[in-house]
There are 2 protein chains.
Amino acid sequence: MNKAAHKELTKNQGLVFGALTSAEGPLTAYAILDQLRDDGFRAPLQVYRALEKLLEVGLVHRLESLNAFVACSHPGCSSHHAVAFAICETCGHVSEFAPNAALADLSSWAEKAKFRPSKTTIELRGTCANCSTQSAN
Amino acid sequence: MNKAAHKELTKNQGLVFGALTSAEGPLTAYAILDQLRDDGFRAPLQVYRALEKLLEVGLVHRLESLNAFVACSHPGCSSHHAVAFAICETCGHVSEFAPNAALADLSSWAEKAKFRPSKTTIELRGTCANCSTQSAN
DNA sequence: TATACTGGTGTTATAAAGTAACGATTGTGG
DNA sequence: CCACAATCGTTACTTTATAACACCAGTATA
């Protein structure tokens, strides 16, 4: 009965999610594939299919400007489908944050334009605090 | 002397820009290539190299979530490097707009985080006004 | 003139990212 | 048992992007 709605991951989905959570930064689908060869992964589709599900339930985000994927950084991530990312082009570090005012502004634009958004992508490319001080050194 | 800093496009750059401006919506690099075969284009690099320059001077934008390119919709486009796009997933139409409050919010986040952004990507995927009324019909 | 430097070009080959199509397997509900 | 849906494994393929190499035109400098 009581089917655990969006919780149970299949073996492949669990492996992919594990690879992403234990990674320092974002991973491409092919990087994930390489990491999971020992677990029986052979073809990109195995990764893409797992990712598709993980994206759907919100456990994973796709970084469009990188063609890569990261695990959602929210603890009990259950509803966050609108987030933003700051991607350091020097060290590769990615920060996830919720830009509420920005989202509100975009919503208000959308309302005026009668545009119904289904997905919002916000990505900042640049240099993180750490790398900035390094180079200012 | 007085070299026209960012104005003169080479033949290839002009052809690519022309293809994009006369297109209804965004084009992929390979779609551009196909359109320009009659003009002597043979290889993707010819397109990508032109695009690289056009992106650099701001005449063209890249839609990350589409892996495609659009001509900038500003008239005298000389300084606009931060814009947003609303992409209709039904008809493919793309609206470019300047979400100033959103950008301000993102800037303020960046300042707090000491993140120095070099490029900002904001893309809304969804359904445009036109397509919404069609389906509501 | 010669030399060198810069930026654009043309071409071949290759890498990286993503999908189509087929069939086998597993679990759930009638 | 059967039907259905979701997942899985595999092969082959498409789409997107880049590396490497050579050539040419313009321009500056000696």
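Every chain is numbered from 1 and lettered A, B, ... according to where its sequence line falls, protein lines coming before strand lines. The figures here come from the full heavy-atom set of this structure, side chains too, leaving out hydrogens, waters and symmetry mates.
Looking at B:Glu96 and B:His74, their side chains do bring a donor and an acceptor atom within 3.5 Å of each other. Between the side chains of B:Ser118 and A:Glu89, a donor-acceptor pair is found at a separation under 3.5 Å. A donor-acceptor contact closer than 3.5 angstrom is absent between the side chains of B:Thr121 and B:Glu64.
For D:dT16, the OP1/OP2 oxygens have a side-chain nitrogen or oxygen of B:Thr28 closer than 4.0 Å. The phosphate of D:dT16 (OP1 or OP2) has no side-chain N or O of B:Arg62 nearer than 4.0 angstrom. When the side-chain nitrogen and oxygen atoms of A:Thr10 are compared with OP1 and OP2 of D:dC8, one or more of them lie within a distance under 4.0 Å. Dashed line: the shortest gap from a side-chain N or O of B:Asn67 to OP1 or OP2 of D:dA17 is under 4.0 Å. Remark: B:Lys11 is not in phosphate contact with C:dG8, judged by side-chain N or O atoms under 4.0 Å from OP1 or OP2. Note on B:Tyr30: every side-chain N or O is 4.0 Å or more away from OP1 and OP2 of D:dT15.
Of the listed nucleotides (D:dT10, C:dG8, C:dG10), D:dT10 has the atom at the smallest distance from the side chain of A:Gln46. The B:Ala43 side chain lies nearest to C:dT11 when the options are D:dT7, C:dT19, C:dT11. Between D:dA20, C:dG10, D:dT16, one nucleotide has an atom nearer to the side chain of B:Leu45 than all others, and that is D:dA20.
When each of B:Gln13 and B:Pro44 is assigned the nucleotide of DNA chain C with its nearest heavy atom, B:Gln13 is the one assigned upstream, toward the 5' end. Toward the 5′ end of DNA chain C lies the nearest nucleotide of B:Ala50, the other residue of the pair B:Ala50 and A:Ala31 mapping further downstream.
B:Arg49 places its CZ atom 15 Å from the P atom of D:dC23, with the value rounded to the nearest Å. As rounded to whole Å, 9 Å separates atom P of D:dA17 from atom CG of B:Leu51. Rounded to a whole Å, the CD atom of A:Glu64 is 14 Å from the C1' atom of D:dT16. Between the C1' atom of D:dA5 and the CD atom of A:Glu56 lies a distance of 14 Å, rounded to the nearest Å. Atom-to-atom, CG of A:Leu33 to P of D:dT10 comes out at 12 Å; the value is rounded to the nearest Å. Summarising the geometry, the separation between CG on A:Leu66 and C1' on C:dG18 is reported as 16 Å, rounded to the nearest angstrom. The distance from atom CZ of A:Phe41 to atom P of D:dT10 is 11 Å, rounded to the nearest whole Å. Rounded to an integer number of Å, the gap from B:Glu52 CD to D:dA19 C1' is 13 Å.
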(message) Assess the residue pair B:His61 and B:Phe69 against the criterion (ring-ring contact (aromatic ring centres under 6.0 Å, His included)); give the C-alpha distance rounded to whole Å, side-chain angles, the decisive distance to 0.1 Å, and a yes or no.
(response) CA-CA 6 Å; B:His61 300 291; B:Phe69 304 85; over 10 Å; no

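Within a 6.0 Å radius of CZ in B:Arg116, other residues, nucleotides and ligands contribute 12 heavy atoms or fewer.
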